[in-house]
Asks: 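The structure's right below; bear with me while I get my questions together.
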Amino acid sequence: MKRILMLGTGGTIACVPSADGLVPALDGPAMIRLVPELEEVCVIETKQILNLDSSNLSPEHWQIIAKAIAANYENYDGFVITHGTDTMAYTAAALSQMLHNCQKPVVLTGAQLPIQAEGSDAPNNVYHAFLAATSPLKGVALVFGDLVIHGTHAKKLYTQNFNGFASINREPLATISHNHLFWQKGALQGGGYGEGEFSINTQLEAKIAVLKIIPGASPDILDYYVKKGYKGLIIEGFGAGGVPNGDNNWLPKLEQVLQQGIRVVCATQCLYDGVHLNTYPMGILAERLGAQSAGLDTLETSVVKLMQEIAQ
């Protein structure tokens with residue numbers, strides 16, 4: 001049987017009631033005991049590396065998780081990370097970028113209800129995560145509800161629905177039905193990970209921000225980020241990703257920001273089909289000034305990529 005390391009980080013899945021609401025308290029062994037079917041799947045060892053509501057996770061916690069995987073990479077056949085749902089897509093994106101040439105499954109999962117709650121989705125999610133972790137999958141994936149999603153394409157769409165996550169701009173790696181994983185063609189053929197020696201890169205520049213443009217928003221807001229010393233900005237524009245260039249013209253201020261050496265990535269507020277700066281004048285002009293396109297990346301992946309690019 002394969003040996004899988006479960007890394008606990010807290011989250012709703014590990015929560016118990018308290019006077020102030022749900023708080024993460026259960027450790028790995030306690031959760032594993034609540035999914036007895038796992039005895040037939042693999043040999044499991046656990047490490048509790050964090051115990052946080054995922055809303056409190058920061059880039060330094062992504063680094064802790066990546067380093068824990070690296071420290072144990074040679075000793076296990078795969079990894080399962082239990083995690084809060086609110087920022088799990090960010091962590092999945094971060095690990096996808098940090099773990100280079102990962103030839104083993106690294107699977108994140110969580111739950112909308114605590115694992116001890118009646119009718120919880122946690123037991124199924126945990127069981128399916130271990131099925132994925134014992135598969136030939138390479139690299140980072142997120143398992144939730146009836147989907148296995150590549151780590152760079154996961155996004156949380158629902159606050160309560162048991163199918164809380166979607167795969168954005170890429171087909172899911174697998175669908176799940178009756179405790180079986182049905183893999184898409186090619187899903188187990190490398191996942192975009194190289195064949196060289198496994199390594200990690202945990203360098204991140206945390207001084208970046210995401211700015212969502214709304215109709216009528218003044219570009220003067222960019223002055224705040226310049227003044228505060230931000231190194232990178234992701235601007236969520238409309239439609240194909242451009243910024244306004246009419247009466248409320250963002251382009252002159254955007255040019256000033258770029259001249260200050262701040263990296264700018266144009267993203268879109270739309271979920272699907274990505275950014276296409278070559279479609280309309282506002283996008284074409286922004287790209288000419290030096291703004292980058294987020295392409296088909298999710299916001300979560302765009303954030304991590306920019307953090308890493310600036311840190312190099």
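Just so you know, these numbers come straight off a predicted model, no measurement behind them.
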Asks: Counting only heavy atoms not in Phe162, do more than 12 sit closer than 6.0 Å to its CZ atom?
Replies: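 Yes.
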Asks: Closer than 3.5 angstrom, by distance alone: can the side chain of Asp146 be matched with the main-chain N or O of Thr175 as a donor-acceptor pair?
Replies: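 Absent.
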Asks: Does Leu52 reach the side chain of His61, with side-chain heavy atoms less than 4.5 Å apart?
Replies: yes
Asks: Under the salt bridge (charged side-chain N to carboxylate O under 4.0 Å, His left out) criterion, do Asp297 and Lys305 qualify, and how do the steps go?
Replies: CA-CA 9 Å; Asp297 288 340; Lys305 280 186 174 180; 2.9 Å; yes
Asks: Side chains of His83 and Thr91: is there a donor and an acceptor less than 3.5 Å apart?
Replies: yes
Asks: Can you get from Leu188 to Val107 by hopping between Ile, Leu, Val, Met, Phe, Trp and Tyr side chains that sit under 4.5 Å apart?
Replies: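 Same cluster.
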Asks: Indicate yes or no for a side-chain donor-acceptor contact from Thr12 to the backbone of Pro114 under 3.5 Å, with no hydrogens or angles considered.
Replies: no
Asks: Using side-chain heavy atoms (C-beta onward) and a distance below 4.5 Å, is Tyr90 in contact with Leu299?
Replies: yes
Asks: If every non-hydrogen atom of Asp77 is compared with every non-hydrogen atom of Lys104, which pair is closest and at what distance?
Replies: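 Answer, listing the atom of Asp77 first, then Lys104: O-CB, 3.7 Å.
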Asks: Tell me, do Thr298 and Thr152 make a side-chain contact under 4.5 Å, heavy atoms counted?
Replies: no
Asks: I'd like to check Leu211 versus Ile221 (side-chain heavy atoms, cut-off strictly below 4.5 Å). Are they in contact?
Replies: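 Yes, their side chains come closer than 4.5 Å.
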Asks: Search all heavy atoms of Val41 against all heavy atoms of Met1 and return the closest pair with its distance.
Replies: C-CE, 3.4 Å
Asks: Any side-chain donor paired with an acceptor under 3.5 Å for Asn169 and His153?
Replies: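 Their side chains do not contain a donor-acceptor pair, so the 3.5 Å distance test is not met.
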Asks: Hydrophobic cluster membership, with links at side-chain heavy-atom distances under 4.5 Å among I/L/V/M/F/W/Y: are Val210 and Phe238 in one?
Replies: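 Val210 does not cluster with Phe238.
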Asks: Before giving the answer on side-chain hydrogen bond (donor to acceptor under 3.5 Å, both in side chains), spell out for Glu45 and Tyr76 the whole-Å C-alpha distance, their side-chain angles and the decisive distance to 0.1 Å.
Replies: CA-CA 9 Å; Glu45 296 181 25; Tyr76 296 91; 2.6 Å; yes
Asks: Got a sec: does the NZ of Lys207 have more than 12 other heavy atoms crowding it under 6.0 Å?
Replies: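 Result for NZ/Lys207: enclosed.
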Asks: Is the backbone N or O of Pro24 less than 3.5 Å from a side-chain atom of Asp53, with the two atoms forming a donor-acceptor pair by type?
Replies: no
Asks: Is the count of non-hydrogen atoms from other residues, nucleotides or ligands lying under 6.0 Å from Gln312 atom CD greater than 12?
Replies: yes
Asks: Identify the heavy atoms of Val143 and Ala129 that sit nearest to each other, and give their distance.
Replies: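 Heavy-atom minimum between the residues: CG1-N, 3.8 Å.
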Asks: State yes or no: do Ile168 and Val304 share one hydrophobic cluster built from I, L, V, M, F, W and Y residues joined by side-chain heavy-atom distances below 4.5 Å, directly or via other members?
Replies: no
Asks: Tell me, yes or no, whether the heavy-atom count around Glu39 atom CD, taken from other residues, nucleotides or ligands under 6.0 Å, exceeds 12.
Replies: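 Open: at most 12 neighbouring heavy atoms sit under 6.0 Å from CD of Glu39.
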Asks: Quick one: do the Asp86 and Ser55 side chains pair a donor with an acceptor below 3.5 Å?
Replies: yes
Asks: Tell me whether Phe182 at atom CZ has more than 12 heavy atoms from other residues, nucleotides or ligands lying less than 6.0 Å away.
Replies: yes
Asks: Say whether Leu131 and Val80 are linked into one hydrophobic cluster, either directly or through other cluster members, by side-chain heavy-atom distances under 4.5 angstrom.
Replies: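 Same cluster: Leu131 reaches Val80 through Ile, Leu, Val, Met, Phe, Trp or Tyr contacts under 4.5 Å.
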Asks: Lys2 and Thr134: side-chain donor and acceptor closer than 3.5 Å?
Replies: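 Their side chains do not contain a donor-acceptor pair, so the 3.5 Å distance test is not met.
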Asks: Any side-chain heavy atom of Phe144 within less than 4.5 Å of one from Met88?
Replies: yes
Asks: List the atom of Val106, the atom of Cys102, and the distance in Å for their closest heavy-atom pair.
Replies: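 Looks like CG2-SG, 3.9 Å.
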Asks: Examine distances only and state if a side-chain atom of Glu300 and a backbone atom of Gly151 form a donor-acceptor pair shorter than 3.5 Å.
Replies: no
Asks: How far does CG of Leu277 sit from OG of Ser293, to the nearest 0.5 angstrom?
Replies: 4.5 Å
Asks: Within 45° of the axis and under 6.0 Å from the centre of the six-membered ring of Phe165, does NZ or CZ of Lys155 qualify?
Replies: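 Negative - Lys155 is either too far from the ring of Phe165 or too far off its axis.
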Asks: Any side-chain heavy atom of Asn101 within less than 4.5 Å of one from Glu197?
Replies: no
Asks: Working to the nearest 0.5 angstrom, can you tell me the gap between Tyr73 OH and Leu99 CG?
Replies: 8.5 Å
Asks: In the structure I gave you, are the side-chain heavy atoms of Met98 and Gln63 within less than 4.5 Å of one another anywhere?
Replies: yes
Asks: Is a donor on one side and an acceptor on the other found under 3.5 Å between the side chain of Trp250 and the backbone of Ala217?
Replies: yes
Asks: Please determine whether residues Phe130 and Ile115 belong to a single hydrophobic cluster, defined as Ile, Leu, Val, Met, Phe, Trp and Tyr linked transitively by side-chain heavy-atom distances below 4.5 Å.
Replies: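 Cluster IDs for Phe130 and Ile115 match.
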Asks: Begin from the C-alpha positions of Ile200 and His100 and carry the test side chain to side chain contact (heavy atoms under 4.5 Å, CB included) through to its verdict.
Replies: CA-CA 6 Å; Ile200 64 170; His100 295 176; over 6 Å; no
Asks: Apply side chain to side chain contact (heavy atoms under 4.5 Å, CB included) to the pair Thr202 and Lys67, showing each step before the final yes or no.
Replies: CA-CA 8 Å; Thr202 60; Lys67 290 175 181 178; 3.8 Å; yes
Asks: Rounded to the nearest 0.5 Å, what separation is found between the CG atom of Leu251 and the CD atom of Gln256?
Replies: 11.5 Å
Asks: Apply side chain to side chain contact (heavy atoms under 4.5 Å, CB included) to Asn179 and Glu37, showing your working.
Replies: CA-CA 11 Å; Asn179 287 337; Glu37 300 87 350; over 6 Å; no
Asks: Identify the heavy atoms of Tyr225 and Ala209 that sit nearest to each other, and give their distance.
Replies: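 Residues Tyr225 and Ala209, closest heavy atoms: CE2-CB, 3.5 Å.
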Asks: Taking all non-hydrogen atoms of both residues into account, name the closest pair between Leu137 and Ala132 and its distance.
Replies: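 Taking every non-hydrogen atom into account, CB-O, 4.1 Å.
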Asks: What distance do Ile49 atom CD1 and Leu7 atom CG have between them, rounded to the nearest 0.5 Å?
Replies: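 The CD1 atom of Ile49 sits 4.5 Å away from the CG atom of Leu7.
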Asks: Whether the side chain of Thr279 engages the backbone of His276 through a donor-acceptor N/O pair (distance < 3.5 Å, no angle test) should be reported.
Replies: yes
Asks: Stepwise, does the side chain to side chain contact (heavy atoms under 4.5 Å, CB included) test hold for Thr109 with Leu142?
Replies: CA-CA 6 Å; Thr109 196; Leu142 188 153; over 6 Å; no
Asks: Do side-chain atoms of Ser120 reach the backbone of Gln116 as a donor and acceptor pair under 3.5 angstrom?
Replies: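 No.
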Asks: For the residue pair Glu205 and Tyr230, establish whether any side-chain heavy-atom pair is separated by less than 4.5 Å.
Replies: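 With C-beta onward as the side chain, the pair stays apart.
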Asks: Can a donor-acceptor pair be found, under 3.5 Å and without considering hydrogens, that links the side chain of Gln48 to the backbone of Leu50?
Replies: yes
Asks: For Asn75, does its backbone N or O pair with a side-chain atom of Asn72 as donor and acceptor, under 3.5 Å?
Replies: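 Checked: no pair found.
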Asks: For residues 261-273, run the donor-acceptor check on the side chains, cut-off 3.5 Å, and write out each pair with its distance to 0.1 Å, sequence neighbours left out.
Replies:
residue: Arg263; atom: NE; partner: Gln292; partner atom: OE1; Å: 2.9
residue: Arg263; atom: NH2; partner: Gln292; partner atom: OE1; Å: 3.1
residue: Arg263; atom: NH2; partner: Glu309; partner atom: OE1; Å: 2.8
residue: Thr268; atom: OG1; partner: Gly239; partner atom: O; Å: 2.5
residue: Thr268; atom: OG1; partner: Cys270; partner atom: N; Å: 3.0
residue: Gln269; atom: NE2; partner: Ile213; partner atom: O; Å: 2.7
residue: Gln269; atom: NE2; partner: Glu236; partner atom: O; Å: 2.9

Asks: Distance check, rounded to the nearest 0.5 Å: Leu222 atom CG versus Glu255 atom CD?
Replies: 13.0 Å
Asks: Measure the CD1-CD1 distance between Ile32 and Ile44 for me, rounded to the nearest 0.5 Å.
Replies: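 If we round to the nearest 0.5 Å, Ile32:CD1 and Ile44:CD1 are 4.0 Å apart.
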